[in-house]
**Student:** 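Would you mind keeping the following structure in view while I ask a few things?
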Amino acid sequence: MSPLAHAPIAPVLLPLVAGVALVFLSRAPIGTQRAVGGLAVALELATALALLAIADRGAPFAYAVGDWAVPWRIVLVVDRLAAWMLLLTALVASASFLYACAGEDGEGPWFHALFQFQVLGLDGAVLTADLVTLFVCFEILLIASYALLLHGGGVARTRAAVHVVVLNRVGSVLFLVAVACVYGATGTLALADLAVKAPAVGRDGRGLLEAGAGLLLVVLALKAAALPLGFWLPRAHAAAPAAVAALFAVPTAVGGYAILRLYTLAFPCFAPGPCGPSGLVLPLGLATIAFGAVGALAAARLRPLAGWLVIVSVGTLLVAIGTFREAGAAAAVYCLAHATLAGACAFLVADLIARQRGAAERLDVGAPLHDVAGLATLAGVAAVALVGLPPLSGFVGQLAVLQATAAEAVRVWTIVLVGTLLTTIAAARAASALFWRPATAMPDPADVAPAAPLTPGGARPPWPARAATWTLALLLVALTIGAGAALDWSRATARQLADRAAYRDAVRSVGSRAAPPVSH
Amino acid sequence: MAGLLAAAVGVLFAGGTWLVLRARLFPVTVGLTLLSYGANLLLVASGGATLAAASLAGRGSAAPADPLPQALVPTAIAIGFATTALVVAIAVRLYVVERAEHVDGAPGEARERSAAARVEASTGRPEHPR
């Protein structure tokens, strides 16, 4: 095997090695930890770009970890969708890392190690080609995210962490139940094999299989924060340190990614019909948009507002996925990138503003802002992109979603467009409160007291914080200017997703051990 | 055999669900543990519950039992054990700062402030360091 053949394992190995090294370096000076973490993040970004180039050649690229024999082996697959998600993870991780280096990483030990483990779980979940490895990678990223959520301590973070841990623990149990149901019905857990075996399941196993596929949707909807299971998100993301909240945009997107992957590849038998678990994705997306918009209107604080706007963008993503048509999948691929970058950007901007206005970050009262021009530009980019107004990427994504759902225009367009109107009102209200009447707004002393400004005296935040936020804002602008190229890539990705045989061939043909005919 | 396993899984899930819905830190922790046990048993059952199969391939004349679930269950147990330990740690931490055993912590904003003050008093530093 040429060294290049091992490339798909690199996005998993890099954060693993860096994370373990950082565990041992946890008592080293913060500068050393930042250097090691920064090197790892830079290498991860380079790897993601290299894998994107490999994926652009066209065929999915598989890697058999450890080269085990067929029924037991673990396969990683780099295709266009996986490479796209890897790049997104690396980009958001870079910005989040940079922001953390402005001071948040020093609030407690272990930050950089946990950060790498979070990236490890994300990369693994994106690359894996079977349900069990997906479960394990989700657990890795969840355990890292619990600890990151608690980073720095505090009552609000502890309380949010209890909710997130309990909810996700129940989600993990349901994931195991789903795995058991799917395995009991089909006898396989590899996504490529499920594509063949799931449609062939007879009447006996049909109920079991549908229960398994439905439970998987519940679990992934919890990760993606879709409607009935998304109420934890605004609270948890608002309580988390800003760099962590920005990074948390990726696990949410990975939930959407997994829905797209599983219900196009592994359970295609449910995809086209209106019933069955995957028929629920579109209505769930619409309901998520509606509730997210109402939540955004009701939000009285800045970071929960950003959280509700993220939920609306998740809803739009689910609507795109829920069409289960090629145009919808292409829109979903574009929306994945847009929603992740915009969500991360919004939390960083919200933190830059909240640091100056006081810890309670109320919209109605707060200390006057310094550097209003810069902050207002950043907030404008984040809000316009997240809400979906022209000219930024949110609008392009929403247009693609609307085009893909033209067949159900009355129901879908009404909810998506009214949702946009409501979130526009919410964002505009927040912006006018923050930037147009700051001089009259006096801080409530009780609110301002526990504030921890990035720099004392309300001076400009340090350069890493500003650079990280500007990076994300400029990436959003780039995603808009390069929308033609990005949409071409998205359409190619959707075509590749529809070509399930190519994925299966890539998985079957990999490895030095000859693959015997699959038996069960 | 299958009936016995199914009954055990059902009882574990029923008990676990009830305890999780109690919304108090200790019952929730125990409930999550019961739920994990139920899921593990279900995983074992998913490979087909048989008494006669050989546990290792190549030993004895009987056909071997399906090895995949037997590999999955230890993974699930290890992960479940680790996260349960984490739940306990976070629950204890919430109890220490809030003196309330509800998963939502102490109700009301006033209690919130007093909790922050208590943290400050007990640790000698504000809730958010620096």
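Below, chains carry the letters A, B, ... as their sequence lines are ordered, and counting in each starts from 1.
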**Student:** So what's closer than 4.5 Å to chain B heavy atoms on Leu174(A): side chain, backbone, both or neither?
**Tutor:** neither
**Student:** Given a strict heavy-atom distance threshold of 4.5 Å, which part of Thr75(B) is in contact with chain A: side chain, backbone, both, or neither?
**Tutor:** side chain
**Student:** How far does CZ of Arg93(B) sit from CZ of Arg159(A), to the nearest 0.5 angstrom?
**Tutor:** 13.5 Å
**Student:** Counting heavy-atom pairs under 4.5 Å to chain A, which of Ala45(B), Ala76(B), Gly80(B), Gly31(B) comes out on top?
**Tutor:** Gly80(B)
**Student:** Would Val170(A) and Thr17(B) count as a side-chain contact (heavy atoms from CB on, under 4.5 Å) if you check the C-alpha gap in whole Å, the side-chain angles of each, and the deciding distance to 0.1 Å?
**Tutor:** CA-CA 9 Å; Val170(A) 175; Thr17(B) 309; over 6 Å; no
**Student:** Evaluate the side-chain proximity of Asn168(A) to Thr83(B): yes if any heavy-atom separation is below 4.5 Å, no if none is.
**Tutor:**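 A side-chain contact under 4.5 Å is absent here.
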**Student:** Do Phe13(B) and Val177(A) come close enough that some side-chain heavy atom pair is under 4.5 Å?
**Tutor:**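 Touching, per the 4.5 Å side-chain cut-off.
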**Student:** Test Ile79(B) against Phe135(A) for side-chain contact (heavy atoms from CB on, under 4.5 Å), laying out the working first.
**Tutor:** CA-CA 10 Å; Ile79(B) 290 175; Phe135(A) 169 76; 3.8 Å; yes
**Student:** Using side-chain heavy atoms (C-beta onward) and a distance below 4.5 Å, is Leu43(B) in contact with Tyr183(A)?
**Tutor:**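 Of all side-chain heavy-atom pairs linking Tyr183(A) with Leu43(B), none is under 4.5 Å.
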**Student:** Compare every heavy atom of Ala180(A) with every heavy atom of Ser46(B), then report the nearest pair and how far apart it is.
**Tutor:**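 For Ser46(B) versus Ala180(A), the nearest heavy atoms are CB-O, 3.3 Å.
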**Student:** Pick one of side chain, backbone, both or neither for Val87(B), based on which atoms fall under 4.5 Å of a heavy atom in chain A.
**Tutor:**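 Interface part for Val87(B): both.
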**Student:** Report which part of Phe175(A) has an atom under 4.5 Å of a heavy atom belonging to chain B: side chain, backbone, both, or neither.
**Tutor:**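 No part of it gets close to chain B.
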**Student:** Given heavy-atom pairs under 4.5 angstrom as the criterion, report whether the side chain, backbone, both or neither of Val162(A) touches chain B.
**Tutor:**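 For Val162(A), heavy atoms of backbone and side chain both lie under 4.5 Å from chain B.
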**Student:** Could you look at Leu86(B) and say if it's the side chain, the backbone, both or neither that has a heavy atom under 4.5 Å from chain A?
**Tutor:**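 The answer is the side chain of Leu86(B).
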**Student:** For the OH atom on Tyr37(B), are there more than 12 heavy atoms of other groups (residues, nucleotides or ligands in this structure) within a distance under 6.0 Å?
**Tutor:** no
**Student:** Do Ile90(B) and Leu150(A) have side chains that approach each other closer than 4.5 Å (heavy atoms only, starting at C-beta)?
**Tutor:**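 Side-chain contact under 4.5 Å: yes.
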**Student:** Please name the pair of heavy atoms, one in Val179(A) and one in Leu72(B), separated by the smallest distance, quoted to 0.1 Å.
**Tutor:** CG1-CD1, 4.2 Å
